[in-house]
Amino acid sequence: MKVLFLTSEVDPFIKTGGLADVSGSLPKELVKKGVDVRVVCPLYSTIEDIYRKKMEKITEFYVDLDWKHQYVGVFQLKRDNVIYYFIDNLEYFDRDNPYGFDDDAERFIFYSKACTLLPKYINFKPDIIHSNDWHTALVNVYINDFRKGDSYYNDIRSLFTIHNLKYQGVFNSDYLRLAGLSGDYFNENDLKYFDAINFMKGAIVHATAINTVSENYANEIQYPFYGEGLDGLIRKYNHKLSGIVNGIDYDIWNPSKDPAIGQKYDLKNYDKKKINKRALQKKYNLPVRDDVPMIGMCTRLTSMKGLDLVRYILDELLQEDIQFVLLGTGEYTYEEMFNYFAWKYPDKMASRIYYSSKESHQIYAASDFYLMPSVSEPCGISQLIAMRYGSLPIVREAGGLKDTVEAYDKFNKKGTGFSFANINAHELLFTIKRAIEVYRNNKEDYKMLVRNAMKKRNDWEKSSKNYIKLYDDIRVKNE
């Protein structure tokens with residue numbers, strides 16, 4: 001089976017969020033299982049020289065965008081048995097950041113068109129073209145559009161993965177002409193979205209199959225609260241919708257080998273985890289105590305992460321004998337909130353308003369609990385990492401959090417964490433207090449939860465098999 005995997009970011013070359021983690025881990029696992037998967041990513045100028053020096057230019061061609069005849073350079077690199085192709089164009093990708101520019105529509109129209117044409121120039125005809133999020137959504141439209149005049153695309157099928165429905169690629173309808181697409185696409189049953197065009201809407205309509213990054217999120221987005229204006233369309237096409245939960249890379253997230261943490265440990269010597277806790281307490285100027293429950297949080301500071309719930313109860317929560325460590329950046333109002341509480345409760349709260357990959361590893365390895373009260377969470381990777389490191393997740397039952405965290409059941413002695421259902425601040429507070437109560441007064445149950453969490457397999461093994469089955473279901477069979 002041949003798969004061309006299209007992404008706007010891939011770890012370790014370029015990363016801004018969870019898409020890069022998936023793009024870096026899933027293809028590696030698919031290759032191990034015998035799938036010939038090739039990954040395509042823009043050649044951003046911010047990709048480090050350590051990788052750029054290993055790239056080899058293999059071909060070039062041109063893409064027409066209205067009156068523009070744009071150069072496409074193709075560089076190749078093999079890493080972990082995966083072949084990566086990088087699309088080069090200085091006008092579009094010589095930037096400080098991957099996204100956030102006035103010409104993002106044009107940049108990713110170019111990228112999508114180049115990706116659709118790419119197989120012809122690299123002598124790799126895929127069974128499936130797998131695109132991800134709005135940046136490559138138009139590929140699904142192009143495949144169907146090219147098929148009208150080019151038989152090459154007749155037996156190529158497409159899969160579109162929605163990592164976050166909130167970001168859809170909505171732009172002025174004038175871009176249809178730049179994309180080289182007929183005005184016929186500007187209708188309610190196609191790309192038209194109010195007076196604009198919506199790249200993701202086009203993918204949902206045109207892709208052979210669509211999936212999201214958890215089963216629960218696939219159900220949620222069919223309702224208005226999570227549907228971000230597309231719930232009606234998703235219900236219409238739900239016959240081709242499925243959910244496959246993400247995994248994490250067990251080579252990177254492994255407390256027994258993690259170079260970022262001071263004390264390595266695993267389930268057999270879990271007691272050593274407290275050495276990491278002491279180290280973090282010293283680093284963040286908190287009282288060095290083994291007996292105090294530490295709650296960790298590494299996150300983008302946005303409203304969808306449930307931070308308004310945290311804001312409402314944090315003063316009351318910090319009356320408890322706990323420590324709370326926060327690492328992340330985002331909206332100013334939340335940065336100020338956490339800084340304020342760190343100032344007010346210096347012995348209980350540490351606020352670190354920046355991003356550090358190394359320190360995130362240290363927080364997972366040091367904390368007893370990990371907080372994720374998200375309003376919306378398509379899959380979530382942090383709770384999977386937290387469980388791997390024996391930090392019990394406290395989550396709201398949203399999206400992938402509901403699929404991956406089993407709530408504590410004190411009667412049947414089950415669970416891998418704690419959860420609550422409603423978007424309600426005091427439900428969050430009472431859930432945290434229940435977790436603290438177990439930590440302090442029911443050591444056996446706490447150890448049982450940690451054991452369950454660390455034993456749970458959240459790598460890509462099962463998820464990759466589900467992707468292979470999905471690929472096999474939609475590809476053209478030539479028996």
Side-chain angles (χ1 to χ4, degrees), residues 1-8 36 38 40 42 58-74 85 87-89 91-92 105-132 134-161 169 171-193 196-210 233 236-237 240 471 474-478:
M1 194 187 304
K2 295 180 177 179
V3 177
L4 194 66
F5 188 97
L6 314 178
T7 181
S8 61
D36 187 356
R38 316 279 178 94
V40 189
I58 56 169
T59 189
E60 63 180 63
F61 58 96
Y62 287 83
V63 161
D64 291 324
L65 301 182
D66 198 13
W67 55 272
K68 296 182 176 182
H69 194 55
Q70 297 288 49
Y71 162 82
V72 182
V74 183
Y85 298 109
I87 302 298
D88 178 37
N89 182 293
E91 180 182 343
Y92 294 130
E106 181 175 337
R107 295 171 69 224
F108 289 102
I109 286 171
F110 162 82
Y111 180 55
S112 294
K113 201 165 189 177
C115 285
T116 315
L117 293 168
L118 180 67
K120 288 185 162 190
Y121 294 93
I122 58 173
N123 193 28
F124 177 76
K125 185 170 181 179
D127 298 297
I128 309 288
I129 294 182
H130 184 171
S131 54
N132 296 273
W134 74 263
H135 320 91
T136 53
L138 276 188
V139 169
N140 302 278
V141 182
Y142 279 130
I143 291 170
N144 285 353
D145 193 66
F146 289 178
R147 201 174 275 148
K148 296 171 188 174
D150 188 343
S151 60
Y152 179 85
Y153 294 92
N154 285 354
D155 53 359
I156 294 177
R157 297 294 177 260
S158 57
L159 171 65
F160 177 65
T161 300
F171 299 103
N172 191 297
S173 59
D174 291 345
Y175 282 108
L176 261 184
R177 186 175 68 183
L178 188 78
L181 295 170
S182 158
D184 294 343
Y185 287 97
F186 191 67
N187 71 78
E188 298 292 350
N189 296 312
D190 221 304
L191 287 168
K192 186 175 186 293
Y193 186 73
I197 57 171
N198 185 320
F199 290 9
M200 190 175 279
K201 182 183 177 187
I204 293 168
V205 171
H206 286 272
T208 312
I210 48 179
L233 182 81
K236 179 179 177 180
Y237 289 99
K240 58 181 182 181
Y471 292 153
I474 65 176
R475 71 173 172 147
V476 173
K477 309 290 198 303
N478 294 312

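Keep in mind that this is a model prediction, so the values were computed, not measured.
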- Query: Is any side-chain heavy atom of Met200 less than 4.5 Å from a side-chain heavy atom of Phe160?
  - Reply: yes

- Decide yes or no on ring-ring contact (aromatic ring centres under 6.0 Å, His included) for Tyr92 and Tyr111, but give the supporting numbers first. CA-CA 9 Å; Tyr92 294 130; Tyr111 180 55; over 10 Å; no

- Task: Answer whether the closest heavy-atom distance between the side chains of Phe110 and Asn89 falls below 4.5 Å.
- Result: yes

- Take atom CG in Asn123; do more than 12 heavy atoms of anything else shown fall under 6.0 Å from it? no

- Mutual orientation of the aromatic rings belonging to Tyr185 and His206 [parallel < 30°, tilted 30-60°, perpendicular > 60°]: tilted

- Task: Keeping the roles fixed (side chain from Lys125, backbone from Ile156), state whether a donor-acceptor pair exists under 3.5 Å.
- Result: no

- Would you indicate whether Arg177, at its atom CZ, is surrounded by more than 12 heavy atoms from other residues, nucleotides or ligands within a distance under 6.0 Å? no

- What are the two closest heavy atoms between Ile129 and Leu6, and how far apart are they? CG2-CD1, 3.5 Å

- Item | Inter-residue atom distance Leu178.CG - Asp66.CG, 0.5 Å rounding | 6.0 Å

- Taking the side chain from Tyr193 and the backbone from Phe199, do they hold a donor-acceptor pair closer than 3.5 Å? no

- Reported NZ-to-OG1 distance for the pair Lys120 and Thr59, which is rounded to 0.5 angstrom: 13.5 Å

- Query: So, for Ile474 and Ser158, which heavy atoms are closest and what is the spacing to 0.1 Å?
  - Reply: CD1-O, 3.8 Å

- Heavy-atom side-chain proximity of Asp36 to Arg38 below 4.5 angstrom: yes

- Query: Hey, which of Asp190, Leu176, Ile197 is the one that makes side-chain contact (heavy atoms from CB on, under 4.5 Å) with Leu181?
  - Reply: Leu176

- With the side chain counted from C-beta on, respond yes when Tyr471 and Asp127 share a heavy-atom pair under 4.5 Å apart, and no when they do not. no

- Test item: Phe108 and Leu138 side chains (from C-beta on) under 4.5 Å apart, heavy atoms: no

- Backbone N/O of Thr116 and side chain of Tyr153: donor-acceptor pair under 3.5 Å: yes

